[in-house]
Q: 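This is the structure, below, for whatever I ask next.
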Number of protein chains: 2
Amino acid sequence: MKILIVEDEPLIAEDIAEILQKNEFIVTNIAYSKEFALSELSTNLPDMALLDINLNNKMDGIEIAQIIQANYQIPFIFITSYSDKNTLEKAKLTEPSGYIVKPFNEASLCSSIEIAYYNHTQKSKRHFPELNLVKLNANLTDKISDREFDLLKLIYEGKTNKQIAETLFISGNTVKKHINNIYLKLNTISRATTLVKLRESMSV
Amino acid sequence: MKILIVEDEPLIAEDIAEILQKNEFIVTNIAYSKEFALSELSTNLPDMALLDINLNNKMDGIEIAQIIQANYQIPFIFITSYSDKNTLEKAKLTEPSGYIVKPFNEASLCSSIEIAYYNHTQKSKRHFPELNLVKLNANLTDKISDREFDLLKLIYEGKTNKQIAETLFISGNTVKKHINNIYLKLNTISRATTLVKLRESMSV
DNA sequence: TCCAAAATTACCCAAAAGGGTAAGCATTTC
DNA sequence: GAAATGCTTACCCTTTTGGGTAATTTTGGA
């Protein structure tokens with residue numbers, strides 16, 4: 001796993017790098033500033049980033065986190081001591097994959113990285129707009145026939161009636177009929193309310 | 001915050017309890033066995049549980065985690081040393097709110113608990129159909145104005161144009177205009193595709 | 001104060017979605 | 001074999017939604 005370290009204190013950075021390399025992680029680079037971190041991200045994207053929250057006494061780490069969150073799909077961990085509440089609050093909002101609290105030891109560092117990476121891959125799985133029967137409430141799926149579920153999956157992906165008809169090789173009228181039945185069974189009145197219901201059923 | 005400690009080594013348990021009490025946490029009890037932990041959970045539910053993965057050389061901690069996950073809505077943290085991969089793998093499956101890696105210090109223990117508790121409350125919020133700006137990709141929200149976001153939230157809840165108009169005290173024409181602009185900015189073509197995009201943006 | 005952006009409204013038109021009824025087949029079940 | 005269920009299609013009509021243009025008002029800064 002390729003890791004980028006963003007840390008302004010050379011001693012700590014070197015320390016982390018050494019530990020990581022000993023444990024079969026690859027350290028792509030050590031960035032001592034926000035600017036260098038960003039250029040490194042854009043030219044040589046790692047699998048994960050370790051970010052010191054307080055870079056050169058500014059909250060640059062959080063800014064980097066926001067940029068990663070918006071533009072790259074890699075997990076990041078904050079390196080932090082027991083910071084003040086405000087900073088911690090802002091850090092939390094970036095939804096980091098984990099935290100490493102200073103002082104840390106070899107075991108906790110490696111564990112944290114592995115766990116964070118695992119969590120991130122789990123989260124990424126949610127990306128795919130694949131409706132999973134298992135995830136739905138039983139009383140929702142019980143009512144719905146197999147065919148209707150085919151339709152429901154396509155609705156879930158945002159398809160129009162026309163697209164659904166083409167996908168399933170059935171007439172537009174049939175699509176409408178099925179969708180009508182789905183609404184009756186789920187007690188919804190539209191695609192939108194159906195999508196809301198699915199979202200809620202799945203996030204239990 | 002009321003915390004239950006499940007740890008079979010009295011020294012460690014006492015150590016943790018002491019630290020917690022010094023930091024304004026309330027330790028409801030210390031459970032040295034699975035059985036006692038379960039009875040404590042059912043009679044005196046805490047706000048959070050700290051679970052040693054290896055209880056009396058068995059993986060009882062994981063079992064407790066599974067039971068908490070299935071029956072109680074409280075967050076739990078694993079207390080662990082660098083365990084073997086199999087155990088760690090199983091522990092991850094219970095989706096704990098965090099890990100505390102031994103040896104830990106006061107700061108890391110308290111940080112971990114606070115962060116884990118925060119994460120858990122965030123997760124719970126996903127139940128409710130509330131759209132959170134912070135959770136959206138920056139490049140999505142940057143484009144959207146405050147007012148448009150008001151509309152987006154209502155779309156997110158499955159409201160019709162009419163309902164939105166009544167909620168925001170604006171004309172149906174205005175609603176349509178705003179929604180049109182939202183589609184342009186998000187590069188979507190309908191409520192359904194917008195809901196899909198929101199879903200995907202939020203699960204990053 | 002003045003400009004620019006955002007918010008509001010209206011209007012027109014077209015496409016999409018939704019509700020209800022009816023009916024022909026294929027299957028499974030009793 | 002009859003009944004029930006599910007899948008398919010068609011047709012009707014209504015409502016909702018979406019796209020585009022234009023114009024006015026509000027609002028927030030510069």
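Proteins come first, then strands; the chains are lettered A, B, ... in the order of their sequence lines, and each starts at number 1. What you see is a predicted model, and the numbers here were worked out from it, not measured in a lab.
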Q: Below the 4.0 Å mark, does D:dT9 have OP1 or OP2 next to a side-chain nitrogen or oxygen of A:Asn173?
A: no
Q: What is the distance, rounded to the nearest whole Å, between atom CG of A:Asn181 and atom P of C:dG18?
A: 13 Å
Q: Picking from A:Lys185, A:Lys177, A:Lys153, what satisfies salt bridge (charged side-chain N to carboxylate O under 4.0 Å, His left out) with A:Glu148?
A: A:Lys185
Q: Under 4.0 Å between a side-chain N or O of B:Arg191 and OP1 or OP2 of D:dG18?
A: yes
Q: Given C:dA17, D:dT9, C:dT8, which nucleotide is nearest the side-chain atoms of A:Thr174?
A: D:dT9
Q: Using a heavy-atom cut-off of under 4.0 Å over every strand shown, decide if A:Asn161 touches base, sugar-phosphate, or nothing.
A: sugar-phosphate
Q: Would you kindly give the CZ-to-P distance between B:Phe169 and C:dT9, to the nearest whole Å?
A: 12 Å
Q: Checking contacts here: which listed nucleotide (C:dT9, D:dT17, D:dT9) is nearest the side-chain heavy atoms of B:Ile170?
A: C:dT9
Q: Quick one: B:Ile182 CD1 to D:dG19 C1', roughly how many Å, whole number?
A: 15 Å
Q: Output yes when at least one side-chain N/O atom of B:Ser145 is less than 4.0 Å from OP1 or OP2 of C:dA5, else no.
A: no
Q: So what does B:Ser171 hit on the nucleic acid, given a heavy-atom distance under 4.0 Å: a base, only sugar-phosphate, or nothing?
A: sugar-phosphate
Q: Report yes or no: does A:Asn23 contribute a side-chain atom to a donor-acceptor pair with the main-chain N or O of A:Ile19 at less than 3.5 Å?
A: yes
Q: OP1 or OP2 of D:dT27 versus the side-chain N and O atoms of B:Arg147: is any pair under 4.0 Å?
A: no
Q: In whole Å, I'd like the distance from the CG atom of A:Leu195 to the P atom of C:dA17.
A: 12 Å
Q: Let me spell it out: for each of B:Glu148 and B:Lys176, pick the nucleotide of DNA chain C with the closest heavy atom. Which residue's pick is nearer the 5' end?
A: B:Glu148
Q: What integer distance in Å separates A:Leu151:CG from C:dA17:C1'?
A: 14 Å
Q: Reading DNA chain C from 5' onward, which residue's closest nucleotide shows up sooner: A:Ser190 or A:Lys177?
A: A:Ser190
Q: Taking atom C1' of C:dA15 as reference, at what distance in whole Å does atom NZ of A:Lys162 sit?
A: 9 Å
Q: Could you tell me whether the side chain of A:Leu45 reaches within less than 4.5 Å of the side chain of A:Leu4, counting heavy atoms only?
A: no
Q: Using whole Å, what does the distance between atom P of nucleotide D:dT16 and atom CD1 of B:Ile179 come to?
A: 13 Å
Q: Would you say B:Tyr183 reaches D:dG18's phosphate, i.e. side-chain N/O to OP1/OP2 under 4.0 Å?
A: yes
Q: Would you kindly give the CD1-to-C1' distance between A:Ile155 and C:dA17, to the nearest whole Å?
A: 11 Å
Q: More than 12 heavy atoms of other residues, nucleotides or ligands under 6.0 Å from CD of B:Glu35: yes or no?
A: yes
Q: Any donor-acceptor pair under 3.5 Å joining the side chain of A:Asn180 to the base of C:dG18?
A: no
Q: Contact between B:Leu41 and B:Pro46 at the side-chain level, heavy atoms closer than 4.5 Å - yes or no?
A: yes
